[in-house]
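Inspection log for the structure reproduced underneath, given as structure tokens.
Residue numbers run from 1 in the order of the sequence given.
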Amino acid sequence: MNRYLKDVDPAVFLGSAILIAGFVGWGIFAPDSLGSVMSTALAWVIGNFGWVFVLIAFGVLVLCIFLILHPWGAIRLGPDDSRPEFGTFSWVSMMFAAGLGAGLLFYGIAEPVSHWTAPPHGLAEPRSEEAALVALRYTYFHWGFNGWAMYAVMGGAMAYFSFRKGLPTLVSATFTPVLGPNATETPLGRLIDALAIVATLFGTATALGLNGLQLNSGLAYLFDIPKSNAVAVVIILVVTSLFLVSATSGVEKGINFLANLGMVATIGLFLFFLVAGGATVLVISQGIESIGTYIIDVLPMSLQTGVGDEQWMAGWTIFYWAWWVSWAPFVGMFVARISRGRTIREFVLGVVVAPTGFGFLWFAVVGGTGIELQRSGQADVVGSLKTPELSLFTALDVLPLPLVSSGLCVVLIALFFISGADAASVVMATTASRGSLNPSKLVVVVLGLLMGGIACAMLLVGGLTALQQAAVLGSVPFTFVLVGVAWCWIKALRAETRSADDRAVTPTPARASSAPDRGSPA
């Protein structure tokens, strides 16, 4: 048995696995009970803890701006003579792949149209031109700088302690300034790694649940397969089996190829909306104006707590911040591993700006097209908002080649499902295996099954609403970890620069010479 659990930390692996397994069992065998408890817990979290998510999203963005401007930005994520392993284009492409996912397909039309019909905080008249700009701005807000700043802080700290300090690529390793050099072996350090696994399980399970719902919608459109949570559960089980095969059978290169193909296909879908949407000039104009407004207003927007509009905040902004937090350990470890040799400034700019830039383009074009299709009466996109997974297919149905484009989207969603879940299960297994780059396949399978199990359980508990509740509740403990990671990274950077300053001002003692004194008598 030991060979199947090589390098595994039993406390981290079993602790997180047993906790999640109990949660999955509760959802499958007593969904009503779990649903009631989750609703009560969520109401408490939103009422008493929602402001924390707002402050964290603001704080990490401010920290990233500070790191870009501060001399610390010149410090390399590795020895001073290290240089990037990957070229800038390849590095940005890999982060682009990490930032892509079925979430963009799920919310690409549904979110902008939803904000257009009911502008947040009463900032515009519903369905007006101003409402369209507000809708796009808040969509950028939820998918933009703040979320990627969380990844930059988590990934930057992990890369710093791993490549510059020679520690394992683990969340617990970032706490060495307060827990000591053996932070990964302390009880608190192991608890931190277990919380990272739990947060990732809930975050990725939410994404898988959205994928299952949207795959069900696509198959219903193409093949009249009944649309229900039960069918979505079956889809999740099937695709979970596929990604477990990919994660354990040595065909990862093929899956990576398919994921890269999915990136290309997504860009193709983006261009299709741009050209075939029928309102190219208007969409581009709206996009440029709304992007500019977002960049100017992002800091004030980040401090809005939504007093008087708590329900909207809970369903949108707080859900998104919690979802970003829950993905931070997974994406943070990924971007850390590919960033050795880069300066902190390069890293933060690349992680925060590059993926956000694509998000701007995607939502400006796809979301703007959805608004125009509704405004012109070509499609009833608003009518599909009750089941937002249908919104994309509702829009595609009135554009050229609907069967081809819808079929492409179904394939894309499946590819993102498989490749994303594959990567997440391996990253979680690495965390449970003391940072081993080749974790036990048994651990990968167990955590992959639990990830699929959470998604299925949440669909049985309450569909999309339960998935969103799970993302929020699962991220709450890790919010404290994220704050601790940021604080420890700053503490380590201050200690390093202070040490460098001390070396610079300390005079070098003169060495005694063994040569004879030429000026003295022989």
Side-chain angles (χ1 to χ4, degrees), residues 56-100 143-171 173-177 196 298 324-325 327-360 423 427 430 435 437 481-497 500:
I56 287 176
F58 174 78
V60 291
L61 181 56
V62 171
L63 176 57
C64 285
I65 296 172
F66 174 79
L67 290 173
I68 291 169
L69 300 176
H70 195 275
W72 289 343
I75 295 175
R76 291 199 175 271
L77 299 175
D80 289 334
D81 60 352
S82 62
R83 291 298 180 267
E85 180 181 358
F86 301 99
T88 300
F89 180 79
S90 298
W91 180 61
V92 170
S93 296
M94 285 186 282
M95 286 193 299
F96 176 77
L100 277 176
W143 291 86
F145 295 139
N146 299 77
W148 281 97
M150 296 183 195
Y151 294 167
V153 170
M154 180 61 66
M158 294 177 76
Y160 175 85
F161 284 98
S162 176
F163 300 135
R164 195 163 180 88
K165 301 300 182 182
L167 298 171
T169 311
L170 293 170
V171 178
T174 65
F175 282 80
T176 53
V298 61
W324 285 100
V325 168
W327 273 71
F330 162 40
V331 181
M333 182 179 289
F334 172 78
V335 297
R337 284 187 173 183
I338 64 174
S339 301
R340 177 184 173 88
R342 296 201 174 269
T343 66
I344 291 175
R345 185 174 294 113
E346 284 180 299
F347 177 86
V348 173
L349 281 171
V351 173
V352 175
V353 175
T356 299
F358 178 79
F360 286 162
V427 165
T430 296
L437 297 180
V481 176
L482 182 58
V483 172
V485 167
W487 187 73
C488 288
W489 192 17
I490 293 172
K491 187 177 177 66
L493 290 171
R494 290 181 62 189
E496 176 172 338
T497 52

Do V298 and N146 have side chains that approach each other closer than 4.5 Å (heavy atoms only, starting at C-beta)? yes
Assess the residue pair L170 and F161 against the criterion (side-chain contact (heavy atoms from CB on, under 4.5 Å)); give the C-alpha distance rounded to whole Å, side-chain angles, the decisive distance to 0.1 Å, and a yes or no. CA-CA 9 Å; L170 293 170; F161 284 98; over 6 Å; no
Distance check, rounded to the nearest 0.5 Å: L77 atom CG versus F347 atom CZ? 6.5 Å
Point-to-point distance, once rounded to the nearest 0.5 Å, from CG of L482 to OG1 of T174: 9.5 Å
Specify the closest pair of heavy atoms between P84 and G341, including all atoms of both residues, with the distance to one decimal. CD-O, 3.7 Å
For atom CH2 of W72, decide whether the heavy atoms of other residues, nucleotides or ligands shown that lie under 6.0 angstrom number more than 12. yes
Just so I know, are the side chains of R340 and R83 near enough to count as touching, which here means a heavy-atom distance under 4.5 Å? no
Working to the nearest 0.5 Å, report the span between CZ of R337 and OG of S162. 8.5 Å
Which atom of A157 lies closest to which atom of V485, heavy atoms considered: CB-CG1, 3.5 Å
Candidate list F334, W324, W327, test ring-ring contact (aromatic ring centres under 6.0 Å, His included), partner Y151, passing option: W324
Mind checking the CD-CZ spacing from E85 to F163? Nearest 0.5 Å is all I need. 8.0 Å
Are any of the side-chain heavy atoms of L493 and L67 separated by less than 4.5 Å? yes
Quick one: does T430's side chain get under 4.5 Å of M333's, heavy atoms only? yes
What I'd like to find out is whether the side chain of L63 reaches to under 4.5 Å of the side chain of V153, using heavy atoms alone. yes
Spacing of I344 atom CD1 and I75 atom CD1 [to the nearest 0.5 Å]: 5.0 Å
Side chains of K165 and E496: does their closest heavy-atom pair fall under 4.5 Å? yes
Flag side-chain contact, heavy atom, 4.5 Å: R342 against R76: no
Closest approach of A196 to V171 (non-hydrogen atoms, all atoms of both residues): CB-CG2, 4.0 Å
With rounding to the nearest 0.5 angstrom, report the SG to CZ distance, C64 to R345. 13.0 Å
Exceeds 12 heavy-atom contacts within 6.0 angstrom, atom NZ of K491: no
Is there a side-chain contact between D80 and R164 in this structure, where contact means two heavy atoms from C-beta onward sitting under 4.5 Å apart? yes
